[in-house]
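These notes are about the structure you will find just below.
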Amino acid sequence: MTKLPSAPIAKKIPHELTKHNDTRVDDYYWLNERENDEVISHLHQENAYYEQCTAHTKAFQKNLFEEMKSRIKEDDASVPYKRNGYWYITRFEIGKDYPIYSRKKNSLEAPEEIMFECNEMAEGHDFFNLGGISVSSDNTLAAYAVDTVSRRQYTIRVKNLNTGELYPDCIENTTGGAVWANDNKTLFYTKKDPVTLRSDKIYKHKLGTSSEDDILVFHEKDETFGTFVTKTKSKKYIVIGSYSTLTSEYQILSADEPDGAFQLFSARERGLEYNIVHFESYFYILTNRDGATNFKLMRTSQDHTESEHWEEFIAHREDVLLEDIDIFKEYYVLSERNNGLNKIKVIRWDGTQAYYLPFDNETYTAYVSVNPDFDSKILRYAYNSLTTPNSVIDFNMDTQEKEIKKEQEVLGGTFNKINYKSERIWAEARDGAKIPVSLVYHKNTLLDGTAPLLQYAYGSYGSTIDPSFSSIRLSLLDRGFIYAIAHIRGGEYLGRQWYENGKLLKKRNTFTDFIDASKYLVAQKYTSPEHLYASGGSAGGLLMGAVANMAPELYQGVIAAVPFVDVVTTMLDDSIPLTTGEYDEWGNPNEMAYYNYMKSYSPYDNVKTQEYPNLLVTTGFHDSQVQYFEPAKWVAKLREMKTDSKKLLFDINMDAGHGGASGRFEALKEVAKEYAFLLDLEGKIP
């Protein structure tokens, strides 16, 4: 291996952190001083070191980028969907990074109306994201939101879609979403706390007035909750939602009476989660009430919404997670998960018909897509698998006929799905639980322990990583890699209990599940420790930090993207964005039991004198979800403590936030960096 240049060494300034009579000394605490020139200098040194260490892969990275980009149809367009008399389309043009949002009146043959040309809007910005497009019910106005920093703080503006005029209305520091009342001149939107970035206030804005005069409609004062505003598909109600990890609450207002007072739907009860949809004179409530761990469906009259009036509509099932409901005039559609697999069930309101859409393998993803047209008999859904590109399908719920509106094109002429194999296996955890693992690989890849394998997982917040197709991933599969998704506890792949058993004081199950899945993959000769790699981002980056500490000998390399690694210190600092809302996920370290448990696994606190795998760590300087200084401190401590001469690379995007670079293809450059890191370790760079 080529001798690496000297790595930057961060200076040590001991900083004592005391809680529960326990003192931790953090030598790199000073790196959280964002405005400190020494901090900026250190980050630039890390980037320079990264560039030096990867200089020999630059040409390959460029080739990888072009290869991945070449499979993607540049002049692509979404399948049009109809809403309120207009067909809406998002399309891309060759050589351009950003989408163009357009619409056509009544017919797809009608002239195209350009709503937003994001390539022009992005000029002069290193980062650009357009979000929250909301069209008024008379189809003349669009509220939209722009973020040019990547801290998810959006500025809302209003555009006249008939004249192209941009109104002077300007609302800063919002979540991006805005909802029109039915008068076409009143907007409801959500503001963020400027320090913590918690979504905490709902305001009402009248078109043509200064945002300084906007009326505060609701203030969510509980720091463990966030808030949002939306509109029912029936268009009859404006809805304010309050949410924490474990609890939800809603308020409703007739969309015809924007100056009225919001009415509480049903008061929050700790541990009671519910979601509401409106149909005719009823609200339908997806809830975990009365111990319905996997959720059930209830309903109540729109005139009596308090929980004592709720009646059961679909009972709780121990083996089926009820994830969502979509409402149509004649049908309702349930999104379920059974044994990890997506199920879509169509049911007539009159009860005369009920059936599941047929899906036929174990490594697929199916989900209900955009269906804004209430009167339609057509259900739009999407389907793909680890070996099958994504299809958008229109399904006639009356005739049960389906029409594939679009199948993702994989350009280049070399892709054929018969060249790839996928399977689902079950690894045994140390406590006897069976962990599902979805795998995909090229049919010519030998399963004799010599193949490189990239194991990915997330494992937090009940977020399920479904096995889906990626044309980008082909660049690994075609070079002999196996790709594995470990559906570990902390996600909801096997139902709500699977999540409950991977959070709070059971969080270590997430890490040991990942390690036990790795050991199983090695034992079954899919790979070996010399060729096994791990990858995860954000809370999945916490997972990477934990497994690198707990089982470093198992992995040749680890990629930790925007990793949440300084768990104890972050969760004790309620000025950091999003901290207080996370107590129900990780626990509140102001309580000793949670403090001690977090400290037992927090990657930064558990870096030790030992050998580590090769590591690639990435972050964004403007990240609002996981602050840049967490990985910066972690890397500094690893450089001090680790006893090996393996790679430890830290790549900081000084312009981006949690989501990385903006632009359709810029993100591919970041993937190319990660793939080059893996392929370099495998000696597969020409």
| said: Does this structure show an ion pair linking R380 with D394, if we count only N-O contacts that are shorter than 4.0 Å? | reply: yes

| message | Salt bridge check, R348 against D350: does any charged N sit closer than 4.0 Å to a carboxylate O? | response | yes

| Under 3.5 Å, is there a donor-acceptor pair linking the side chains of S460 and K507? | yes

| Set of residues satisfying side-chain contact (heavy atoms from CB on, under 4.5 Å) with respect to A292, sequence neighbours excluded | K296, H316

| Of all residues at least two apart in sequence or in a different chain, which pass the side chain to side chain donor-acceptor pair (under 3.5 Å) check with S102? | E112

| task | Using a strict 4.0 Å threshold on nitrogen-to-oxygen distance, state whether D259 and K206 make a salt bridge. | result | yes

| said: Looking at F313, I want to see if its CZ is surrounded by more than 12 non-hydrogen atoms of other residues, nucleotides or ligands under 6.0 Å. | reply: yes

| field | salt bridge (charged side-chain N to carboxylate O under 4.0 Å, His left out) involving D466 - partner list, sequence neighbours excluded | value | R337

| task | Given salt bridge (Lys or Arg N to Asp or Glu O under 4.0 Å), test R103 with E113 step by step and report yes or no. | result | CA-CA 5 Å; R103 66 178 187 172; E113 301 175 23; 3.0 Å; yes

| task | Carefully, step by step, assess R289 and E269 under the rule salt bridge (Lys or Arg N to Asp or Glu O under 4.0 Å). | result | CA-CA 10 Å; R289 183 175 154 181; E269 301 171 39; over 6 Å; no

| Counterpart residues, side chain to side chain donor-acceptor pair (under 3.5 Å), relative to Y167 (two or more places apart) | N160

| field | Residue pairs involving residues 220-241 (criterion salt bridge (charged side-chain N to carboxylate O under 4.0 Å, His left out); sequence neighbours excluded) | value | E220-R268

| query | What residues form a salt bridge (charged side-chain N to carboxylate O under 4.0 Å, His left out) with R496, not counting sequence neighbours? | reply | E273, E492, E500

| message | Listing request: all salt bridge (charged side-chain N to carboxylate O under 4.0 Å, His left out) pairs with a residue in residues 164-175, at least two apart in sequence or in separate chains. | response | none

| task | Can you sort out the partners of N173 under side-chain contact (heavy atoms from CB on, under 4.5 Å), two or more places apart, ordered by chain and number? | result | Q153, K192, P194

| said: If the condition is salt bridge (charged side-chain N to carboxylate O under 4.0 Å, His left out), which residues does D214 pass it with, not counting sequence neighbours? | reply: none

| side-chain contact (heavy atoms from CB on, under 4.5 Å) involving P80 - partner list, sequence neighbours excluded | W87, I89, L108

| remark: Residues passing the salt bridge (charged side-chain N to carboxylate O under 4.0 Å, His left out) test with E311, sequence neighbours excluded, are R299

| request: Please name all residues satisfying side chain to side chain donor-acceptor pair (under 3.5 Å) with S107, sequence neighbours left out, ordered by chain then number. | output: E109

| Under 3.5 Å, is there a donor-acceptor pair linking the side chains of Y367 and E323? | no

| task | May I ask you to decide if Y274's main-chain N or O and T287's side chain share a donor-acceptor pair within less than 3.5 Å? | result | no

